[in-house]
Amino acid sequence: MISKPTIKYEISDGCIAIITLSRPDVADAINSQMALELNNIFSTLPNNIRVAILTGEGEKAFCAGADLKERSKMNVSSWQVQHQQFRHALQSIMTCQIPIIAAVNGAAYGGGLELALGCDFIYATKTANFALPEATLGIMPGTCGTQNLPRAIGIRHAKELLLTGKSFSAEEGYYLGMINKICEPESLMDDVLACA
């Protein structure tokens, strides 16, 4: 059985890749298939692509993090395989040779925030919110959140957000230096495309 793709990929102006997380029924949560697709896309971008945009489908979520329903059905061995898939997906974003703009259109929680932090910069709607809530679940961010958040906002603010799991607004993220630009929801993609 062939699974429905979890990523939408299009090219704008001949040189801008728009990569959309496309699982809106689960707030664009990352499952194993999406991790593999992200790794494949970012590892094989054509030479004519000058900028990539990563966004989520819909207006409510950029990415809600890992698909915990999928994870709850895994044994330790299959979870370890999935964790490596997630790491490879993020590494392909972080090592991509072109600039990547995260267009955060809604909630970016857990692995969703880690995806955004892996990009070169972040544009977000004024209604977007963010968190690395893993500490509240007794786990820790698994794909560079503990490294990339301090790089973006400084160690003291990052420790507070990582150890409390507290959520924060786009305005707070901008104040902390994590977000480059806050946009109106209806103009997010126009603003990101203009920058690209």
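Under the 4.5 Å side-chain contact rule for hydrophobic residues, V26 and Y109 do not share a cluster. Under the 4.5 Å side-chain contact rule for hydrophobic residues, L54 and V51 do not share a cluster. In the hydrophobic clustering of this structure, V192 does not group with I98; members are Ile, Leu, Val, Met, Phe, Trp, Tyr whose side-chain heavy atoms approach within less than 4.5 Å, directly or through other members. Under the 4.5 Å side-chain contact rule for hydrophobic residues, L45 and I7 share a cluster. A continuous path of ILVMFWY side-chain contacts below 4.5 Å connects L117 to F168, so both sit in one hydrophobic cluster.
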CA sep, side-chain torsions, deciding dist, call: T125, E59, side-chain contact (heavy atoms from CB on, under 4.5 Å)
CA-CA 9 Å; T125 64; E59 298 174 5; over 6 Å; no
May I have the step-by-step check of side-chain contact (heavy atoms from CB on, under 4.5 Å) for I53 and I19, ending in yes or no?
CA-CA 6 Å; I53 297 167; I19 299 152; over 6 Å; no
Step by step, work out the side-chain contact (heavy atoms from CB on, under 4.5 Å) result for I122 and M178.
CA-CA 7 Å; I122 300 172; M178 185 186 86; 4.1 Å; yes
Please lay out, stage by stage, how V104 and T55 fare under the test side-chain contact (heavy atoms from CB on, under 4.5 Å).
CA-CA 6 Å; V104 180; T55 193; over 6 Å; no
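Side chains of E57 and T20: no donor on one and acceptor on the other come within 3.5 Å. Using modelled atom types and a 3.5 Å distance limit, the side chains of Q80 and Q84 yield no donor-acceptor pair. Donor-acceptor pairing under 3.5 Å is recorded for the side chains of T143 and E114.
Applying the salt bridge (charged side-chain N to carboxylate O under 4.0 Å, His left out) rule to K126 yields the partners E184; only residues at least two apart in sequence or on another chain are considered. Annotation: side-chain contact (heavy atoms from CB on, under 4.5 Å) contacts of I11 (sequence neighbours excluded): Y9, I49.
Distance alone, capped at 3.5 Å, is enough to place a donor-acceptor pair between the E172 side chain and the S169 backbone. A donor-acceptor pair under 3.5 Å is formed between the side chain of D67 and the backbone N or O of K69. Side-chain N or O atoms of E37 include one that pairs as donor or acceptor with a backbone N or O of T6 at under 3.5 Å. Side-chain N or O atoms of Q85 include none that pairs as donor or acceptor with a backbone N or O of A35 at under 3.5 Å. Counting only distance, with no hydrogens or angles, the side chain of S187 and the backbone of C183 share no donor-acceptor pair below 3.5 Å. A side-chain donor-acceptor contact under 3.5 Å links R23 to the backbone of A29. Judged by distance alone, with hydrogens and angles left aside, the side-chain atoms of E70 form a donor-acceptor pair with the main-chain N or O of S32 at under 3.5 Å. Put simply, the side chain of N105 gets close to the backbone of G58: a donor and an acceptor are under 3.5 Å apart. The closest donor-acceptor contact from the side chain of D120 to the backbone of I100 lies under 3.5 Å.
When side chains are defined from C-beta on, M140 counts as touching T146, because their heavy atoms get closer than 4.5 Å. Counting heavy atoms from C-beta on, the side chains of M189 and I18 come closer than 4.5 Å.
Around the CG atom of D13, the shell of radius 6.0 Å holds no more than 12 heavy atoms that belong to other residues, nucleotides or ligands. Within 6.0 Å of the CD atom in Q147, the count of heavy atoms belonging to other residues, nucleotides or ligands exceeds 12. Taking a 6.0 Å sphere around CG of N47, one finds it holds 12 or fewer heavy atoms contributed by other residues, nucleotides or ligands. Atom CD of E186 has more than 12 neighbouring heavy atoms from other residues, nucleotides or ligands inside a 6.0 Å radius.
Ring geometry for F121 versus Y123: interplanar angle of 30 to 60°, hence tilted.
Note that the CD atom of Q91 and the CZ atom of F42 stand 14.0 Å from one another [nearest 0.5 Å]. The CG atom of N39 sits 14.0 Å away from atom CE of M34, with the distance rounded to the nearest 0.5 Å. In this structure, D28 CG and F62 CZ are separated by 9.0 Å, a value rounded to the nearest 0.5 Å. Atom OG1 of T164 sits about 13.5 Å away from atom NZ of K159, to the nearest 0.5 Å. W79 CH2 to F86 CZ: the interatomic distance, rounded to the nearest 0.5 Å, is 10.0 Å. In this structure, the separation between OG on S72 and CG on L68 is 8.0 Å, given to the nearest 0.5 Å.
Summarising the geometry of I101 relative to C195, their closest heavy-atom pair is CD1-SG, 4.0 Å, with the distance given to 0.1 Å. Pairing each heavy atom of C144 with each of L90, the nearest pair is CB-CD2, 3.7 Å. Pairing each heavy atom of L21 with each of C63, the nearest pair is CD1-CB, 3.7 Å. Among all heavy-atom pairs drawn from A170 and F130, the shortest one is CA-CE1, 3.8 Å. Between I93 and G118 the shortest heavy-atom distance is CG2-O, 3.6 Å. Contact detail for T44 and N40: the closest heavy-atom pair is OG1-O, 2.6 Å.
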